[in-house]
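Only one structure is covered here, and it is reproduced in the block below.
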Number of protein chains: 2
Amino acid sequence: VVELHDISRVYEMGEEPLYALKQLTLSIEDGDYVAIMGTSGSGKSTLMNLIGCLDRPTEGRYLLNHKDVFHLSDDELAAIRNTTIGFVFQQFNLLSSMTAIENVMLPLVYAGVDKEQRTIRAQFALQQVGLEQRMYHRPTQLSGGQQQRVSIARAIVNKPRILLADEPTGALDSHTAEEIMALFDDLVEQGITVILVTHDGEVANRASRIVRMRDGQITSDSRIRSK
Amino acid sequence: VVELHDISRVYEMGEEPLYALKQLTLSIEDGDYVAIMGTSGSGKSTLMNLIGCLDRPTEGRYLLNHKDVFHLSDDELAAIRNTTIGFVFQQFNLLSSMTAIENVMLPLVYAGVDKEQRTIRAQFALQQVGLEQRMYHRPTQLSGGQQQRVSIARAIVNKPRILLADEPTGALDSHTAEEIMALFDDLVEQGITVILVTHDGEVANRASRIVRMRDGQITSDSRIRSK
Ligand SMILES: Nc1ncnc2c1ncn2[C@@H]1O[C@H](COP(=O)(O)OP(=O)(O)OP(=O)(O)O)[C@@H](O)[C@H]1O
Ligand SMILES: Nc1ncnc2c1ncn2[C@@H]1O[C@H](COP(=O)(O)OP(=O)(O)OP(=O)(O)O)[C@@H](O)[C@H]1O
Ligand SMILES: [Mg+2]
Ligand SMILES: [Mg+2]
């Protein structure tokens, strides 16, 4: 469902071009559960943003569901993002003027879901991440780990086909992290393709496949569990 | 050097008051190395903000260096913060319009250090966290772990007496996290009091004392290493 061929992402930083990703090739099938690990600055978030259609490569081809993403308009890309992809951002990216439940309802607004259904589904997503007691708090009234969990609830509320999660347990204690990993196991069982970035070996070991990166390239790619 | 007596921090959230901290008492001596652990939402960041004079308690007394912080003016508090305390924020709080090195120089500007010295010291702090290659990047041009390390460099550049670090390795791979923990060991050896919040048991085990929190209160407080 995700096919990246010879993908490069270059930033012009004055004297020398900076290769955040360098001729990277990666294929992920429907329903797989992939963990991406690597050193700080190795290109993991850049890769996730490309897969999530939030950024375009400088070179290379990206086929999402067999469609060449490069040749879609910004509107078509946005439509795909809203219906197909759920994204948990490394820094959460919540809207500070909205409550937790309003933030979680936002993807459903874009999907044209009616108000009553939106409220029911957003409440359920917040329950799944243990935050029903904080539904009406705004992000500044939430702890770091609570904000992270709102970001997770927002990413799953639209039942996306692909869940991209950039360090989804980075701000969580081990007990709360375990609840999130159990939730991700459920999503995989429901057929969702889960791609997550993590620094935590224990989180990576819950996936079926571990991809390691360094300096914008993939250094290893191992299946640890059959699909 | 840090004495909190019966500290409460209450938020009025409509029907019932929310106790982020509830009658918390804690004493930390000069030069100690304390790790604070606890579930998401247990009050760790709230506690850190109080210790760092970024917030005031609703009740209770806080003596910093034997001075009652509650009775200082906002200006006096700001002066103490700038000279005595270095803070690594859970969400980094870098200024997006400034480069990494400009962000790190900021505490030195407040301390009245001349431009040449500021540049030398900020460069050194960025070297200490492995970021000399990213000095002129702005926060949006840095990875999550790089932003975290800029936040750490900024917190130590003024040689503070107390370093407060709210999950300082949360966005770092294990290798980079180890470099930061080694840096913190050096700071403790130089006599700096280090108080850090972490979800990572391995990070906590580097400290001399572990304080655990739940629901705004301290549930355990154990010395694991002599000072
Ligand atoms: N807009 C930009 N301009 C220039 N360089 C950038 C930009 N964005 C990212 N980079 C650089 O690209 C590299 C990869 O960044 P990326 O955010 O993908 O790393 P990462 O693997 O997610 O790291 P972390 O684990 O710290 O989150 C980094 O070295 C970073 O400095
Ligand atoms: N401005 C606020 N208004 C209302 N409630 C708040 C506010 N700020 C924090 N809280 C609540 O206070 C509690 C403690 O928050 P705090 O940020 O200290 O938790 P934490 O232990 O740092 O959690 P984490 O590990 O997730 O970062 C949380 O339950 C949070 O929802
Ligand atoms: Mg990243
Ligand atoms: Mg916190």
Side-chain angles (χ1 to χ4, degrees), chain A residues 11-16 18 20 37-49 89-92 94 129-131 133-149 166-167 169-177 179-180 197-202 204 212-214 216, chain B residues 11-16 18 20 37-49 89-92 94 129-131 133-149 166-167 169-177 179-180 197-202 204 212-214 216:
Chain A
Y11 293 107
E12 300 300 331
M13 283 300 290
E15 329 159 346
E16 283 190 28
L18 195 160
M37 300 187 85
T39 50
S40 177
S42 56
K44 306 178 296 297
S45 296
T46 306
L47 175 60
M48 294 290 270
N49 289 339
F89 295 91
Q90 187 168 6
Q91 280 161 43
F92 321 150
L94 300 175
V129 298
L131 284 179
Q133 304 265 347
R134 292 284 183 272
M135 290 201 291
Y136 304 112
H137 284 230
R138 271 172 285 111
T140 50
Q141 299 170 321
L142 292 171
S143 77
Q146 290 167 347
Q147 291 177 37
Q148 183 159 55
R149 284 183 278 159
D166 198 341
E167 296 187 41
T169 62
L172 304 176
D173 57 282
S174 47
H175 176 76
T176 313
E179 295 178 351
I180 295 304
V197 168
T198 187
H199 287 308
D200 189 332
E202 293 192 27
R212 293 182 189 274
M213 292 183 65
R214 185 178 194 85
Chain B
Y11 293 107
E12 300 300 331
M13 283 300 290
E15 330 160 345
E16 284 191 24
L18 195 162
M37 300 188 85
T39 50
S40 176
S42 56
K44 306 177 297 296
S45 297
T46 305
L47 175 60
M48 294 290 270
N49 289 339
F89 296 91
Q90 187 168 5
Q91 282 162 42
F92 322 150
L94 299 175
V129 298
L131 285 180
Q133 304 266 344
R134 293 285 183 271
M135 289 199 293
Y136 304 111
H137 283 230
R138 274 172 284 110
T140 50
Q141 299 171 321
L142 293 171
S143 77
Q146 290 167 347
Q147 290 176 37
Q148 184 159 53
R149 285 182 279 158
D166 198 342
E167 297 188 42
T169 62
L172 303 177
D173 57 283
S174 47
H175 177 75
T176 313
E179 295 178 352
I180 295 305
V197 168
T198 186
H199 287 307
D200 189 331
E202 292 192 28
R212 293 181 189 275
M213 291 183 65
R214 187 179 194 83

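Protein chains get the first letters and strands the later ones, always in sequence-line order, with residue 1 at the start of each.
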* To do: Check for a donor-acceptor pair, side chain of A/H199 on one end and backbone N or O of B/G170 on the other, with a separation under 3.5 Å.
  => no

* Just by distance, do the side chain of B/D173 and the backbone of A/S40 share a donor-acceptor pair under 3.5 Å? -> yes

Whatever's closer than 4.5 Å to a heavy atom in chain A on B/Q90 counts as side chain

If one checks every heavy atom of B/T39 against chain A at 4.5 Å, the contacting part turns out to be both

Turns out that what part of A/M37 lies under 4.5 Å from chain B's heavy atoms comes down to neither

Bottom line for A/Y11: the part with an atom under 4.5 Å from chain B's heavy atoms is neither

Whatever's closer than 4.5 Å to a heavy atom in chain B on A/Q147 counts as side chain

Honestly, the part of A/L18 sitting under 4.5 Å from a heavy atom of chain B is side chain

With chain B, the option among A/A171, A/S45, A/G130, A/G14 that has the most non-hydrogen atom pairs under 4.5 Å is A/A171

Sequence neighbours excluded, the answer for side chain to side chain contact (heavy atoms under 4.5 Å, CB included) partners of B/T169 is B/L172, B/A177, B/I180, B/M181, B/V203

Turns out that what part of B/Q141 lies under 4.5 Å from chain A's heavy atoms comes down to side chain

Bottom line for A/Q146: the part with an atom under 4.5 Å from chain B's heavy atoms is both

Scored by heavy-atom pairs under 4.5 Å with chain A, the best of B/E167, B/H175, B/Q148 is B/E167

